[in-house]
Structures are given as structure tokens and as C-alpha cells.
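Numbers for residues simply follow the sequence, beginning at 1.
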Amino acid sequence: GAFIPEMLHPNVKELRNNYTKIIGTKKFKKTFEQLLKDYVGRPTPLFYASNLSKEFNTNIYLKREDLCHTGAHKINNTIGQVLVAQQLGKKRIIAETGAGQHGVATATVCALMGLECIVFMGEKDIKRQAPNVARMKMLGATVVPATSGSKTLKDATNEAIRDWINHPDDTHYIIGSVVGPHPYPDMVAKFQSVISKEIKKQLKKVTGNELPTHVIACVGGGSNAAGAFYHFINESTVQLV
């Protein structure tokens, strides 16, 4: 399932052969959980939306991922991947970004860990998302415009892949969504699964039942839906929307 340039296979193979071992260690789990709690601000609240509930005659709860540090769920994944990169001896982090939230999350964690950060972003997106570009630069990241093609996310991803091919030894590429060659879809989903893990515990506390009837999540790059659905995917009584 790895439809990638031949020169990229060694990079992906290194990650595939090591990431499950790394995330399974006590050291990784302890550090990851501590950062999610004390730095990101987890668990995020499960808010009862009373007005929406009245309008639709049901009980609707909102998982407030917008209250994470940096303002989005993206940081759950970037913290996990940076910790993996450190265990692999990588000192340089690259990422692609569209709207800029993944870029901000990557730049934030790199600043925390003292790592070099390069974010590739479409030239058009740089103009449209100026506030997030300013945040990335303020955090010490280098924002590189993608000037080919449509000058948007797809082209930023292509530029990031080219960079990773040229810097296999010291660089880790943080993909922000459940896309790309294995192990990225599996890895990103695992790091975002904290969302649904918390939902089950919080629902149990407030309703007495950890399973909702429906879980609704927005899909853009996809990691939000992956995290929200992760611990409900095999529950036949839960409808995923």
C-alpha cells in the first residue's frame, strides 16, 4: 500500500519498523500522557449543548477539542510524532499544512522540544491564512511556500516529500492526517484516539452509559474523525456520521 517514490522507501521503512516498539514503551506512554495532560490541557470538556438538544429533541454533547493548546486537536498527533522522532534520533522536523492548524501545532511542539521546524505551505494558503503563518514564524518555524501547481495543500505535501527524500538521516516528516503510506494512517489514528477514549469515560460519568447512539465528526484531512470514531468503530449500536 505504499505508493511512494522509490527513494522514499528507506525513510518509511525505518518508521514502520520502529514506531510500534517506541509507542509501546513505558517511557513513551508516560511522557505522552504527561504532555497531553499538562501541556495540551487534556481531558478536554464534554459540553452538554442544551439549546441544540432542545431544538432536535435529543441529548447532544460537544467534545471541546478547540480548547486544546493551539486551538485544535492537531497537537495530539504532533506531540506523539515528535516523541517518536526523538527516539529515532531525528533533529529536524518537517510538515505540510493547509489552513495552518497542523503547522502551528508542529511548530509549537518543536519549540517546546528545541527542534528545527520547517513547514511547507501553498503560496495561496499563505496569503489566505496569514494569522497562522505569523504564529508559526513567531514559534521559530521556517515557512516555505509551495509555488507549483495549484499552490495549495497538495503541492505543499509534494514539496515536503521531496525534502524528506533529500534529508533521510536527520529529518522526520509529520503528516497531519490519516493519509499517506503505512504506518502514517495507523499512527495518526492511534495518537488521536485519545478523543474517543475520553468521550467514553465522560459519557459514562454523566449518563451512566459510555456508548452514544451517534458520533458525528467533521472530515477534512481526516484525523479529527479518526480520533472521534476510534473507540466506537467496532460498536454495532453506534452510528458514525
Any donor and acceptor pair, going by atom type alone, linking the side chain of [X] with main-chain N or O of [Y] inside 3.5 Å?
X: E198; Y: T44; result: yes
X: T25; Y: I22; result: yes
X: N132; Y: V104; result: no
X: Q192; Y: H73; result: yes
X: S196; Y: H231; result: yes

Working to the nearest 0.5 Å, report the span between [atom1] of [X] and [atom2] of [Y].
X: S50; Y: Y61; atom1: OG; atom2: OH; answer: 11.0 Å
X: N224; Y: K63; atom1: CG; atom2: NZ; answer: 11.5 Å
X: W164; Y: I118; atom1: CH2; atom2: CD1; answer: 14.0 Å
X: D169; Y: N166; atom1: CG; atom2: CG; answer: 11.5 Å
X: L88; Y: N11; atom1: CG; atom2: CG; answer: 11.0 Å
X: E6; Y: I165; atom1: CD; atom2: CD1; answer: 10.5 Å

Query - Pair D125-Q129, side-chain donor/acceptor within less than 3.5 Å - result: no
Tell me the closest heavy-atom pair linking [X] and [Y], and the distance in Å.
X: C68; Y: N76; value: SG-OD1, 4.5 Å
X: H102; Y: I174; value: NE2-O, 3.1 Å
X: L15; Y: P183; value: CG-CG, 3.9 Å
X: L153; Y: G98; value: CD1-N, 3.6 Å
X: C117; Y: A107; value: SG-CA, 3.8 Å
X: F28; Y: I23; value: CD2-CA, 3.5 Å

Test item: [X] and [Y] side chains (from C-beta on) under 4.5 Å apart, heavy atoms:
X: I94; Y: H172; value: no
X: S177; Y: K74; value: yes
X: V215; Y: Q239; value: no
X: L46; Y: L62; value: no

Report task. Kindly check if the number of other-residue, nucleotide or ligand heavy atoms within 6.0 Å of CG (N234) is above 12? Result ->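 Atom CG in N234 is not crowded, with 12 or fewer foreign heavy atoms closer than 6.0 Å.
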Requested in this report: Assess whether atom NZ of K200 is packed by more than 12 heavy atoms of other residues, nucleotides or ligands within 6.0 Å.
Outcome: yes
Query - Basic-acidic side-chain contact under 4.0 Å: E14, K90 - result: yes
**Report entry** Pair R42 + E65, salt bridge at N-O below 4.0 Å
**Finding:**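 Yes, this pair counts.
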Report summary line: Residue pairs meeting salt bridge (Lys or Arg N to Asp or Glu O under 4.0 Å), one or both in residues 149-159, sequence neighbours left out, come to E123-K151, E159-R162
**Report entry** Residue of the set V143, V119, V133, T157 for which side-chain contact (heavy atoms from CB on, under 4.5 Å) holds with T97
**Finding:** V119
Query raised in the report: Out of N77, L83, T78, which one pairs with Q81 under the side-chain contact (heavy atoms from CB on, under 4.5 Å) rule?
Result: N77
Query raised in the report: Sequence neighbours excluded, which residues qualify as side-chain hydrogen bond (donor to acceptor under 3.5 Å, both in side chains) partners of K190?
Result: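 side-chain hydrogen bond (donor to acceptor under 3.5 Å, both in side chains) check on K190 returns D186.
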Query raised in the report: With sequence neighbours left out, what residues match Y173 under side-chain hydrogen bond (donor to acceptor under 3.5 Å, both in side chains)?
Result: E96
